[in-house]
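Take a look at the structure below.
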Amino acid sequence: MNNIKKIHMPNFLNTRLGLFGFVAVLIWLKNIFAYTVDFHLRIENAFEYFILFINPIASTFFLLAIALYVRRKRASYITMMVIYFLMTLLVFSNVVYYREFTDFITVNTMLGAGKVASGLGESALRLFRPYDVLYWIDFIIIGVLLLTKKIKMDERPVRARVAVSITMLSALFFVTNLTLAETARPQLLGRQFSRDYIVKFLGLNAFTVYDGVTTYQTNQVRAEASENDMDAVADYVKEHHAAPNPDTFGIAKGKNVIYIHLESFQQFLIDYKLKDEQGVEHVVTPFINSLYHSNSTYSFDNFFHQVGQGKTSDAETMFENSLFGLDQGSLFTQVGGKNTFEAAPAILGQEAGYTSAVFHGNAGNFWNRNETYKHLGYNYFFDANYYDVNEDNSFQYGLHDKPFFQQSAQYLEHLQQPFYSKFIAVSNHYPYSQFTNNEAGFPIAQTNDETINGYFATANYLDKAVEEFFNYLKASGLYENSVIVLYGDHYGVSTSRNQNLAELVGKSKSTWNDFDNSTMQRVPYMIHIPGQTNGGINHTYGGQIDALPTLLHLMGIDTKNYIQMGQDLFSKENAQLVAFRNGNYVSPKYTMLGSSIYDTATGRLIEEPTEQQKQEAQALKDKANLQLEMSDQTTNGDLLRFYTNSGLTPVNPDDYNYKDQLEQLEKIEADKGQKSTSVYSKNDNTSTVDKYHTESYQDYLKSGQ
Ligand code: GP9
Ligand code: MN
């Protein structure tokens, strides 16, 4: 205390505004410190650094300025210190949480704080670092200086005009920040891809507020929903159910399921040949083509993606649940961590003893996967933390496909069979500039649209990665016991670019129309069942919403008691109506886009539809909208929490822990001993990883030496 007495405080600290400014700067610095030292936000360029650097400013000034409106001396200082404390606490608790979960704290996490604390358990202490003192030391010093009156409390209130100006300025600053953020990452808030992004572009305070508002909104709708709403949906589903086809029912029973998520892969790539500058043709995806034409593959050529803004996560939503994504934003992000689901991992787990796992070489919180998968009942989720991801083998969406599949083998071989698994590839993702320097050894297309030009090389790379993975599946013995399903999640070339693609797909830019855009929404759906020879190319019209009942029927599980919006594509009762998320639809007869009706077979616009055509087309539209509506009601009202007819035990997300999963798997192997069915156990407790051959990965290792 004696020492403190000798210190002379700079005068500005003795004014309310002075202290306010000083504290704001300290909070800002703490945020920057957390960004650079504790969080891994994957900053990609100088512009992003700049946004990161400025993003704490607006909210810090805005919140702290509240204290400036309080006129009474003590009350004003206390207000400032409380806000100062809370903002420090927010940064610090996120830092600690991030160390354990590589994620930020959501309002839902806070509401279930007890759960988190127990999840952290004794490890919480282990998460502290000596330098954590830096997060608190300034607050303590200023607190002490105020208490000991070394910093004098200013009697004079801040003039209202000044306070209002600061608030206005910070609001203005926030709008600027948001504009810059939306420039760097369009639809940042609308699409809600990832918490990392929101923190990176808008900061922790803004993230927390935003998260609070969206959480409140979804909770409202849920609170108003009732069991009667569930009954209405159940009636719809019952009426709409398409009975299994006896020819295909159960043909994949008991087999492992291996989903291969072909990122941004459109149907037109199948059998496509790209001409290089010399006019030489190059087959883009020779391996996937061979699967497509194999008589062990049930392939579809009128299968459409049906995603909305949630893109990949919407595709996943449909494949796992046979529920649509949301009208706006992403279902995974909005309710994935809250709702009750009856998803494929739970159904197969409970009905047929399947173990389930997802593999993906990107941050686990992208699309809120780390939370959603627990609610879907996924036993394991191997995210970027489980892979060796470095600058040479990755890009902004994570690990490249070849090392991704290769590195997955070390975990896959420890899964108990039968398993239900999903491998989410990512290299063939916009902006398709990943391999332009010939890394993939595939030509670049010659349009004036850079994005389109690179698309074929990245697709070719994906094809090679899938081939290597298949080779491993065969070498390890997994192949024969598995059904391997490949699907495209959504378009790779967006509608706004399709005109530039027109000539490459044998059309002309000038006559390109909405119908052409709709045809481009076809994506592959291929069910490869080794041992089957009755496969072939099926022309049934369908979409991603239909995938789950289709798969379950192949696995010999009747879906009639589940709440699923789609229909088995092999069923004779299938309605062949494909609703897009915006209410447009495709069917074998009509395609309706907005109010325009097209003849699907010819692609021609029916300029003057007859009364009957109008009625038929409208009836289909009503059906499509009803399907979307029923799905939205189920999701927004969290109606499955009221549903008991499926006989499933509701998934308890707390049962899942995506930490130390290899140890978890090895323990199961050890406990089961002779009864263990993992590939590793079956291979005399030796690894099969050396059976994986990936040229590029070894090259990459060599280059690293
Ligand atoms: C990211 C990846 C991409 O992890 O799945 O998602 P997308 O941008 O295609 O929706
Ligand atoms: Mn995607």
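Just so we're clear, the structure is a prediction, and the values are computed from it rather than from any experiment. Each ligand, and each atom within it, is numbered from 1 in the order the structure gives.
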Will you find, in the side chains of Thr591 and Ser518, an N or O donor that is under 3.5 Å from an N or O acceptor?
no
Using a distance-only test with no angle check, is there a side-chain donor-acceptor pair under 3.5 angstrom linking Gln521 and His305?
yes
Hey, are Arg369 and Asp383 close enough for a salt bridge, meaning a charged N less than 4.0 Å from a carboxylate O?
no
Using 4.0 Å as the upper bound for N to carboxylate O, is an ion pair formed by Glu320 and Lys422?
yes
Please compare [options] and report which has the shortest non-hydrogen distance to [atom].
atom                    : options                        : result
atom 2 (C) of ligand 1  : Val426, Asp383, Ile424         : Val426
atom 5 (O) of ligand 1  : Glu316, His261, Arg369         : Arg369
atom 10 (O) of ligand 1 : His490, Gln396, Gln309, Lys311 : Lys311

Please find the N/O/S atom of Asp489 nearest to the Mn ion (ligand 2) and write down its name.
OD2
Would you say Thr312 reaches the Mn ion (ligand 2) with an N/O/S atom under 2.8 Å?
yes
Report yes if the distance between the aromatic ring centroids of [X] and [Y] is under 6.0 Å, otherwise no.
X      : Y      : answer
Tyr487 : Phe319 : yes
Phe469 : Phe423 : yes
Phe470 : Phe287 : yes
Tyr658 : Tyr373 : no

Could you list the atoms of ligand 1 found under 4.0 angstrom from a heavy atom of Glu263?
9 (O)
Considering heavy atoms of the protein only, find what lies nearest to [atom] and give residue, atom and distance to 0.1 Å.
atom                   : value
atom 4 (O) of ligand 1 : His360 NE2, 2.6 Å
atom 6 (O) of ligand 1 : Thr312 OG1, 3.0 Å
atom 8 (O) of ligand 1 : His429 NE2, 2.7 Å
atom 1 (C) of ligand 1 : Asn362 ND2, 3.4 Å

Angle subtended at the Mn ion (ligand 2) by His490 NE2 and Glu263 OE1, rounded to 10 degrees
140°
Can you tell me if Tyr430 contacts ligand 1 (heavy atom of the residue under 4.0 Å from the ligand)?
no
